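Let me begin by presenting the structure, written as structure tokens, before commenting on it.
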Amino acid sequence: MINKKGITTGDERELIKKAKGGDEGSFEALISTCKGRAYNVALRYMASEEDALDALQESFIKIFRHLDKFNEQSKFETWVYKIVVNSCNDMLRRSKKNQQSDSVFKYDDGEEAAIEVADRSPGPAEILERKEEGAYILSCLDRVGIEHKEILILRDIQGFSYDEISEMLDCPVGTVKSKISRARLKLKELYLQNQEQIKH
């Protein structure tokens, strides 16, 4: 079986074996298959490139040090993302700071949420409007609470499957679905509530 980066399952097992023995080259080869998405996860949590890179570095150190604890019964990349999520949460608890980004989180009633990135070059007024909308939506996302924010990032922004989120958060798939439903309702409630306040 070939994974999306061209490494066979057998090759991955061999790389894991060598990495567990302390081979840094094998570890780097393993990490290269998932570091891009791992960075994106960290960036959505931290909303700052500097903090995201710090969280990623902290995660990779933990992964290398505790690689012997990986039981190989789950996907290596899912295990990596779980550690990234935990590192981000640890950093957020320590720092208590969330910086704004220009990303836009869009919620459609009854539909999966998505990040929309336009291909055209907007004018100054449109850029300002997008920044204001992005900041507003992110402020709502920050106010739903860390548990709701976490599940929305993993499912609606990063697109992880229910099974992957279940493994990352150590909870049943049914619980994951319930958390997502509650988080979406809370985000929608805050979004509409704040919109009403702005109008008045």
Side-chain angles (χ1 to χ4, degrees), residues 4 33-49 51-53 55-56 59 74-75 77-93 95-119 122 126 129-198:
K4 61 185 176 182
T33 66
C34 52
K35 65 181 179 181
R37 197 175 188 187
Y39 170 72
N40 286 334
V41 170
L43 184 60
R44 296 302 175 191
Y45 265 82
M46 310 308 296
S48 155
E49 288 188 14
D51 288 344
L53 288 171
L56 207 59
S59 299
S74 60
K75 290 182 180 179
E77 62 181 38
T78 303
W79 183 69
V80 168
Y81 301 142
K82 178 178 180 178
I83 292 175
V84 171
V85 166
N86 288 338
S87 294
C88 288
N89 282 327
D90 288 344
M91 284 187 67
L92 287 173
R93 279 192 289 268
S95 66
K96 298 290 185 183
K97 68 176 182 179
N98 288 307
Q99 298 181 14
Q100 293 182 343
S101 79
D102 297 338
S103 301
V104 177
F105 181 92
K106 183 177 181 181
Y107 182 90
D108 294 317
D109 192 22
E111 299 292 335
E112 291 286 326
I115 292 297
E116 294 186 352
V117 181
D119 292 328
E126 190 173 351
E129 184 179 350
R130 285 188 189 179
K131 285 186 176 182
E132 289 175 349
E133 176 70 2
Y136 166 65
I137 295 171
L138 282 173
S139 71
C140 292
L141 187 59
D142 284 335
R143 290 178 60 197
V144 299
I146 186 61
E147 185 179 0
H148 289 331
K149 181 180 179 180
E150 177 178 70
I151 207 82
L152 290 171
I153 289 172
L154 294 177
R155 178 60 182 172
D156 291 331
I157 297 181
Q158 290 302 319
F160 286 108
S161 70
Y162 294 123
D163 288 336
E164 287 173 322
I165 297 172
S166 171
E167 189 171 332
M168 280 185 260
L169 301 184
D170 290 322
C171 62
V173 171
T175 303
V176 169
K177 292 180 179 180
S178 296
K179 284 185 175 183
I180 290 171
S181 178
R182 289 196 299 271
R184 287 173 179 164
L185 286 173
K186 183 63 177 177
L187 180 62
K188 182 182 178 183
E189 177 186 319
L190 284 171
Y191 184 90
L192 295 176
Q193 181 183 65
N194 290 348
Q195 287 283 48
E196 281 298 315
Q197 289 175 355
I198 290 173

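In what follows, every heavy atom counts, from backbone to side chain, and hydrogens, waters and symmetry copies are set aside. All figures in this text were calculated on a predicted structure; none of them were measured in a lab.
Between Lys179 and His148, the closest heavy-atom pair is O-ND1, 4.4 Å. Residue Tyr81 comes nearest to Ala38 through the heavy atom pair CE2-N, 3.7 Å, listed as atom of the first residue, atom of the second, then distance. Taking every heavy atom of both residues into account, Arg155 and Ser161 meet most closely at NH1-CA, 3.7 Å. The nearest pair of heavy atoms linking Ala52 to Tyr39 is CB-CE1, 4.0 Å.
A distance-only check finds a donor-acceptor pair linking the side chain of Ser59 to the backbone of Ala55 [under 3.5 Å]. A donor-acceptor pair under 3.5 Å is formed between the side chain of Ser178 and the backbone N or O of Gly174.
A distance of 10.5 Å separates CD1 of Ile165 from CD of Gln158, quoted to the nearest 0.5 Å. Separating the CG atom in Asp170 from the CG atom in Asn86 is a distance of 8.0 Å, to the nearest 0.5 Å. Rounding to the nearest 0.5 Å gives a distance of 11.5 Å between CE of Met46 and CG of Leu56. Separating the CE atom in Met91 from the CG atom in Asn89 is a distance of 11.5 Å, to the nearest 0.5 Å. Note that the CG atom of Leu192 and the CG atom of Leu187 stand 9.0 Å from one another [nearest 0.5 Å]. For the atom pair Asp156 CG and Arg44 CZ, the distance stands at 12.5 Å (nearest 0.5 Å).
Glu167 and Thr78 form no side-chain donor-acceptor contact under 3.5 Å, judged by distance and modelled atom types alone.
Using a 4.5 Å heavy-atom threshold, the side chains of Leu154 and Leu169 count as touching. Looking only at side-chain heavy atoms (C-beta outward), Arg37 and Phe160 come within less than 4.5 Å of each other. Between Val85 and Glu150, some side-chain heavy-atom pair lies under the 4.5 Å cut-off. Side-chain contact check for Tyr45 versus Val84: every heavy-atom pair is 4.5 Å or farther apart. Residues Ile157 and Leu152 are not in side-chain contact: their nearest non-hydrogen atoms beyond the backbone lie 4.5 Å or more apart.
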